[in-house]
Amino acid sequence: MPHGFEAVFYPELESTNLTAVALAKNIEQGATWVIAGRQTGGRGRRGRIWTSETGNLYCSLLWRPNLKPSELAPLPYVIALAVRQTVIELGIDESRVKCKWPNDVLVDDKKICGILIETSANNAESLNYLVIGIGINLMHFPDDAQFSATSIYDILSREIDAKLALEKLSKQFDNYKNLWFMRGFDDIRREWTKCAWGLGEPRLIRTNDDSYVGRPMELMEDGGLLVVVDGGHEKRLYAGDVFPLT
Ligand code: BTN
């Protein structure tokens with residue numbers, strides 16, 4: 001583990017995010033990676049289930065950075081870049097690994113990981129803790145997923161040990177967190193943009209209460225996605241998902 005981080009491993013948990021949130025109630029607990037061999041109630045974004053059989057990486061980082069809640073816009077992109085670099089270090093050619101807004105990582109247009117960030121703030125000025133849940137498809141992937149998925153095994157026909165993947169991920173998280181803290185969001189935005197999926201192309205945009213076709217154009221300095229819709233007018237997206245046009 002990089003300096004300042006602990007790790008705890010459980011063969012089975014309901015959800016590593018839930019366990020990390022429980023750990024956070026102990027205010028003495030510093031930055032800690034919680035890892036599970038499998039999850040019985042893995043959680044996905046927007047209330048979805050994250051199928052979690054043995055063989056993939058399931059982990060959550062409990063983290064208490066000295067940041068205000070209003071300073072967290074870069075976080076999803078910092079995490080996505082760390083996961084992308086991990087997948088590359090595990091053997092997948094970098095040209096195939098793309099970041100999809102807001103915080104997915106795709107290989108050959110298929111989802112290889114899931115990221116679920118939970119934030120607890122004391123008030124607008126003070127963050128209590130963050131729990132950053134990450135699942136990387138090493139050996140398996142769900143075939144009923146809303147977005148087509150893949151795994152490293154499916155691509156490379158090579159078994160990858162979850163411990164090795166975690167070692168790489170924790171190191172990459174530390175690198176990109178340092179880049180963010182030392183150089184600011186501009187460097188993160190630039191790097192994310194270089195490997196972004198579908199910028200400038202027509203995509204299906206889905207939000208909680210809307211669904212429309214638009215061209216994602218740019219990651220804005222406040223973390224929103226600039227989308228151009230029919231007639232050329234612009235929208236800024238802060239929550240939702242981007243899909244291929246079928
Ligand atoms: C998504 O819907 O794309 C996000 C999925 C996040 C899954 C990971 S697996 C480890 C951590 N524990 C959970 O229950 N969820 C996250």
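Atoms within a ligand are numbered from 1 in the order they appear, just like the ligands themselves.
Taking the six-membered ring where the residue is Trp, Tyr77 and Phe185 present parallel rings, their angle staying beneath 30° rather than reaching 60°. Between Trp63 and Phe173, the ring planes lie perpendicular to each other; the angle is over 60°, past the 30° to 60° tilted range.
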Write 'none' if nothing qualifies; otherwise put on separate lines each N/O atom of ligand 1 with a protein N/O atom under 3.5 Å away and their distance to 0.1 Å.
from, atom 1, to, atom 2, distance (Å)
ligand 1, 2 (O), Arg45, N, 2.7
ligand 1, 3 (O), Lys111, NZ, 2.6
ligand 1, 12 (N), Thr16, OG1, 3.0
ligand 1, 12 (N), Gln39, OE1, 3.0
ligand 1, 14 (O), Ser15, OG, 2.8
ligand 1, 14 (O), Arg43, N, 2.7
ligand 1, 15 (N), Arg43, O, 2.8

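Listed by chain and residue number, Arg183, Arg190 satisfy the salt bridge (charged side-chain N to carboxylate O under 4.0 Å, His left out) test with Asp187 (two or more places apart in sequence, or in another chain). Arg206 meets the salt bridge (charged side-chain N to carboxylate O under 4.0 Å, His left out) test with no other residue; sequence neighbours excluded.
A distance-only check finds a donor-acceptor pair linking the side chain of Thr32 to the backbone of Gly30 [under 3.5 Å].
In the hydrophobic clustering, where aliphatic and aromatic side chains (Ile, Leu, Val, Met, Phe, Trp, Tyr) are joined below 4.5 Å either directly or transitively, Val8 groups with Tyr10, Leu13, Val21, Leu23, Val34, Leu62, Tyr129, Val131.
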